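What follows is one structure encoded as structure tokens, with my remarks underneath.
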Amino acid sequence: MIIHTKILENPIVLSKNYVTSIHTTDKHVYSKIAYQLFSLANGIDTDGYILEAGDEINAAKHTIFIASPFDIEYGNKKIQNAILALVESNINFDVAKKQHLEETYNKLYLEFCRLSEISELGISSSGEMDLKKLAKLFEISVQQEKTYTQLSDILQYLELISELKAAKIIVMTAIKSFFNEDELEEIFKMAIYCQLKLLLV
């Protein structure tokens, strides 16, 4: 997997077999690189792109940017979507569960229609059950208790991303400021074990 950026002359080569690191002593260049990778991960960059096996992939869909160990966010959109996709596939696999959920959804829709008649308001719907919209309606979000150390938080987060297939690339900035060499080695081992492409800036 290769990341092309406007800032760097050479492409960044990533692998699930090793950790890639970018190092610069120039703070201005560092900020530019970090911002471009952040922008790629959040779908706001138009200058950079990522290639996988020669084909361009959706950088925002496959990349999670972590600015520091305090920046771990279990409720981020990529993890939420991955969990909902997993729930949806489990529901689709179980016919009885899917039927029960659709019946409940239809009852809720009929109740909305009844209430709209009382208030003389029109109401419309696609009529299709959408788990993402239901989760938003009920403000369902992923809650994860923090562990006792930043290291265990990072390790747990990498494992979760891998299990959910929420991203292929993890970009971490300033990580060397928070962990010693032994802890960094544990993070690297976990990323490789989880088959995630880890990029350190």
Side-chain angles (χ1 to χ4, degrees), residues 1-45 47-83 142 144 146-201:
M1 196 171 277
I2 298 170
I3 301 178
H4 290 270
T5 67
K6 188 180 178 182
I7 308 299
L8 297 171
E9 200 173 299
N10 297 318
I12 304 163
V13 179
L14 303 174
S15 172
K16 60 185 177 187
N17 300 318
Y18 57 82
V19 174
T20 303
S21 180
I22 299 171
H23 179 74
T24 178
T25 53
D26 187 321
K27 289 180 182 178
H28 181 67
V29 172
Y30 173 86
S31 297
K32 280 187 160 188
I33 293 167
Y35 180 73
Q36 184 155 35
L37 292 169
F38 168 82
S39 300
L40 265 174
N42 289 284
I44 52 178
D45 183 271
D47 295 322
Y49 59 95
I50 299 176
L51 297 178
E52 183 176 34
D55 295 323
E56 189 171 345
I57 63 167
N58 183 332
K61 183 179 179 184
H62 296 292
T63 310
I64 289 179
F65 184 94
I66 302 170
S68 80
F70 303 106
D71 192 38
I72 292 175
E73 199 181 333
Y74 286 95
N76 82 43
K77 202 173 181 181
K78 288 166 195 162
I79 289 181
Q80 294 275 60
N81 287 341
I83 287 174
V142 180
Q144 181 71 33
K146 291 278 186 177
T147 56
Y148 293 105
T149 67
Q150 292 172 346
L151 176 63
S152 52
D153 282 342
I154 287 272
L155 298 177
Q156 187 179 56
Y157 193 57
L158 292 175
E159 207 168 1
L160 178 68
I161 291 165
S162 174
E163 283 175 20
L164 293 173
K165 295 179 174 58
K168 294 179 181 181
I169 301 166
I170 309 298
V171 179
M172 291 186 182
T173 60
I175 192 170
K176 291 175 184 175
S177 309
F178 296 95
F179 300 107
N180 62 39
E181 282 186 27
D182 290 339
E183 291 170 328
L184 285 170
E185 194 173 332
E186 276 194 66
I187 293 167
F188 301 163
K189 282 180 181 174
M190 179 60 83
I192 291 165
Y193 172 76
C194 292
Q195 299 199 314
L196 294 167
K197 295 165 182 72
L198 181 59
L199 173 59
L200 306 181
V201 182

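Note that this is a predicted model, so its numbers are computed, not measured.
- One distance of note links CG of Leu200 with CD1 of Ile22; it measures 9.0 Å at 0.5 Å rounding.
- When all heavy atoms of Ala174 and Ala67 are compared, the pair lying nearest together is CB-O, 4.4 Å.
- In Lys78, the NZ atom is crowded: over 12 heavy atoms of neighbouring residues, nucleotides or ligands sit closer than 6.0 Å.
- The minimum heavy-atom distance between Met172 and Ile175, with the atom names listed, is SD-CD1, 3.0 Å.
- In this structure, Lys197 contributes its side chain and Thr20 its backbone to no donor-acceptor pair below 3.5 Å.
- Rounded to the nearest 0.5 angstrom, Leu8 CG and Ile33 CD1 are separated by 4.5 Å.
- Using modelled atom types, no side-chain atom of Lys165 and backbone atom of Ala82 make a donor-acceptor pair closer than 3.5 Å.
- Atom CD1 of Ile3 sits about 10.0 Å away from atom CD of Gln36, to the nearest 0.5 Å.
- Relative ring orientation between Phe70 and Phe178 is described as perpendicular, the plane-to-plane angle rising above 60° on a 0-90° scale split at 30° and 60°.
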Under the criterion side chain to side chain contact (heavy atoms under 4.5 Å, CB included), I'd like the reasoning laid out for Ile161 against Leu196: C-alpha separation, chi angles, the key distance, then a yes or no.
CA-CA 9 Å; Ile161 291 165; Leu196 294 167; 4.1 Å; yes
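- When all heavy atoms of Leu158 and Ala191 are compared, the closest pair comes out as CD1-N, 4.2 Å.
- Within the model, atoms CD of Glu159 and OG of Ser152 stand 11.5 Å from one another, a figure rounded to the nearest 0.5 Å.
- Checked against Leu37 for a side-chain contact (heavy atoms from CB on, under 4.5 Å), the options Thr173, Val201, Asn42 give a single hit: Val201.
- Using a 4.5 Å heavy-atom cutoff, the side chains of Tyr157 and Ile64 are in contact.
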Working note: Met1 + Ile169, criterion side chain to side chain contact (heavy atoms under 4.5 Å, CB included); need CA distance, chi angles, decisive distance, verdict.
CA-CA 9 Å; Met1 196 171 277; Ile169 301 166; 3.3 Å; yes
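- Atoms CD1 and CG, on Ile7 and Asp47 in that order, are 8.0 Å from each other to the nearest 0.5 Å.
- Although no hydrogens or angles enter the test, the distance criterion places no donor-acceptor pair under 3.5 Å between the side chain of Thr5 and the main chain of Gly48.
- Using a 4.5 Å heavy-atom threshold, the side chains of Ile44 and Tyr35 count as touching.
- Side-chain atoms of Ser31 come within 3.5 Å of backbone N or O of Lys27 as a donor-acceptor pair.
- Gln156 places no side-chain N or O within donor-acceptor distance of the main-chain N or O of Asp153, the cut-off being under 3.5 Å.
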Evaluate Tyr18 against Val13 for side chain to side chain contact (heavy atoms under 4.5 Å, CB included), listing each step before the verdict.
CA-CA 10 Å; Tyr18 57 82; Val13 179; 3.7 Å; yes
Side chain to side chain contact (heavy atoms under 4.5 Å, CB included) assessment of Ile66 paired with Val171:
CA-CA 6 Å; Ile66 302 170; Val171 179; over 6 Å; no
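- Phe65 and Ala41 make their closest contact through CB-CB, 3.8 Å (heavy atoms, listed as atom of the first residue, atom of the second, distance).
- In terms of heavy-atom proximity, Leu155 sits nearest to Met190 at CD2-CB, 3.6 Å.
- Note that the CG atom of Leu184 and the CD atom of Glu186 stand 10.0 Å from one another [nearest 0.5 Å].
- Of all non-hydrogen atoms in Leu40 and Tyr49, the two that sit nearest each other are CD2-N, 3.9 Å.
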